[in-house]
Amino acid sequence: MKLKTVKNIDLKGKRVLFRVDYDVPTKKIGGKVEVEDDTRIRLTIPTLDYLLEQNCKVIILAKNKRPDGKVVEELRLDPMAKRLSKLINKPVKKIDECIGSEARRAVDALGEGEILMLENTRFHPGETKNDPKFAKELASYGEIIVNDAFSLSHRAHASVVGIAKYLPMVAGFHLQQEVEMLSSLTENPKHPFVVVVGGAKVSDKVNAVVNLAKVADVVLVGGGVANIFLKAEGFDVRSSYMQDVIVDEKKRRMNFIELAKNLLRITKNEKMLLDGYIPLPKIIYPYDVLAAKRVKSKKVQVVDLTEEDNNGNLSKDLMFLDIGPRTMKLYRKIILQANTIFWNGPMGVFEEKAFEEGTKQIALATAKADAVTILGGADTTAAIRKFNLEKRYDHVSAAGGAALDFLAGKKLPGLVPMMSK
Ligand code: ADP
Ligand code: MG
């Protein structure tokens, strides 16, 4: 996918609406809201620096959480403006409106190389309704939109999509990188291409996994996702966590066990060879797991799922909480043979020391592999940070839902205005 970027347009001295995603984790310290994790703010700095080099007048558009079209004091953008200012060591003027007379005055007063942050766009009901009047008003403050908010691209909102009806929109460096890296997975990945999927929220990932399974050589499953595949294959997963059936917002019922069965059936063909001669099935699920009756339990046991009687005498209360040692070894071996790796979702309840090993082994193997390595998912990111491996991958996507929709092959409305014809 090719996008128009900041490099394809003359920005010198222009009034630029800089669309970013500064919806970052916050915490309250002494009654004041402070930024807890500024990753998403830092990711926009290369583009911001470029805009300042071009002497642009920068007007930042951002949202925070879900105030549902009303002003919510705690969701103001002041902490983000403060953090950004600290990071770039420059003043960032923040006002308490996103449209209206105060906004207009502040925009008019803005000089070249100066930065203004407008208030949370979601304080206005027109934002999520993609109201053209609201979009037009926002658009009137700038001459061009620079979009660095890939993680919002799946939302057809006024400041993401509606606004582009009135002004040209180009991609910033961060958005461009997300699109390039994620595209490299679906368009011509270098084979062998190994997808690793785990975690709990199958409903979010299922479409991406089904789509990636078409291009991948092997899909390794772990975490709560593995329990679904195990059940689909007739294993008794006891009291394991599982999202088996959901009803989505369009009232469609999705049965993930049936989906897993289907996926196993249509992907029976073997593509990748282990050690050059052992054919691997396309979808591989754990053949041993770590199990316990409670997440905090000291009594952890390895359950071998290949045993003949399917462990008939195991307690009904057991939960499968991580992949087992033999599975870890196999997954590691496969990952080390890959040329492209995409990983989303922890292999186990990594928050607990007793169940972090599977995720750690995948993180280490992926870091070591001589491959293009791309990771996604908030909890996956938290896990690699915990293991201090964050810097060892080619790309760690900061977009949850948007990245998964993109990988599912959906057309993201927020990207359409930037697509080169
Ligand atoms: P991500 O945010 O990376 O996309 P998810 O949100 O889908 O990942 O899932 C992360 C959560 O899944 C973690 O909190 C982890 O504890 C949980 N998890 C992983 N494996 C299991 C398991 N076997 N049983 C229950 N929970 C699990
Ligand atoms: Mg998560």
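Whatever order the structure lists ligands and atoms in, that order sets their numbers, starting from 1. Below, all heavy atoms of this structure are taken into account, side chains as well, without hydrogens, waters or symmetry copies. As the structure is a computational prediction, the values presented were derived from the model and not from experiment.
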Check your understanding: Between E34 and K27, does at least one N-O distance fall below 4.0 Å, as a salt bridge requires?
Key -> no

**Study point:** Neighbour count above 12 (heavy atom, 6.0 Å) for K65 NZ
**Key:** yes

Practice item. For atom 6 (O) of ligand 1, find the nearest protein heavy atom and state the residue, atom name and distance (0.1 Å precision). Key: D379 OD2, 3.0 Å

Practice item. Looking only at protein heavy atoms, identify the closest one to atom 17 (C) of ligand 1 and say how far it is in Å. Key: A200 CB, 4.2 Å

Practice item. Please say whether Y241 places an N or O atom under 3.5 Å from an N or O atom belonging to ligand 1. Key: no

**Study point:** Proximal atoms of ligand 1 relative to G224 (non-hydrogen, under 4.0 Å)
**Key:** 20 (N), 21 (C), 22 (C), 23 (N)

Practice item. Around atom 27 (C) of ligand 1, find the nearest protein heavy atom and jot down its residue, atom name and distance. Key: V349 CG2, 3.6 Å

Check your understanding: Relative to the heavy atoms of N344, which atoms of ligand 1 are at a distance of less than 4.0 Å?
Key -> 4 (O)

Exercise for review: For K93, look at atom NZ and say whether over 12 heavy atoms of other residues, nucleotides or ligands are found less than 6.0 Å away.
Suggested key: no

Check your understanding: Under the salt bridge (charged side-chain N to carboxylate O under 4.0 Å, His left out) criterion, do K316 and D236 qualify, and how do the steps go?
Key -> CA-CA 9 Å; K316 280 277 159 225; D236 181 357; 2.8 Å; yes

Point to revise | K386 and E356 ion-paired at < 4.0 Å | key: yes

Point to revise | Check: P346 N/O within less than 3.5 Å of ligand 1 N/O | key: no

Review point. Of the choices M347, E351, K201, E356, which has the non-hydrogen atom that lies closest to atom 15 (C) of ligand 1?
Key: E351

Review point. Are any of the heavy atoms in M319 under 4.0 Å away from ligand 1?
Key: no

Review point. Is a side-chain donor or acceptor of E119 paired with a backbone partner of L77 at a separation under 3.5 angstrom?
Key: yes

Check your understanding: Are the charged groups of D37 and R385 less than 4.0 angstrom apart, N to O?
Key -> yes

**Study point:** Residue, atom name and distance, where the atom is the protein heavy atom closest to atom 19 (C) of ligand 1
**Key:** G348 O, 3.2 Å

Check your understanding: Is F320 touching ligand 1 with its side chain, its backbone, both, or neither, if touching means heavy atoms under 4.0 Å apart?
Key -> backbone

Exercise for review: Return the option from A382, G223, G198, A291 holding the heavy atom at the smallest distance from atom 20 (N) of ligand 1.
Suggested key: G223

Check your understanding: Out of the N/O/S atoms in D379, what is the name of the one closest to the Mg ion (ligand 2)?
Key -> OD2

Review point. G377 heavy atoms, cut-off 4.0 Å: which ligand 1 atoms fall inside?
Key: 1 (P), 2 (O), 3 (O), 4 (O)

Check your understanding: Would you say K205 and ligand 1 have an N/O pair spaced under 3.5 Å apart?
Key -> yes

Review point. In terms of the angle between their ring planes, are F235 and Y285 parallel, tilted or perpendicular, with boundaries placed at 30° and 60°?
Key: perpendicular

Exercise for review: May I ask you to check whether over 12 heavy atoms, not counting those of D275, lie within 6.0 Å of atom CG?
Suggested key: yes

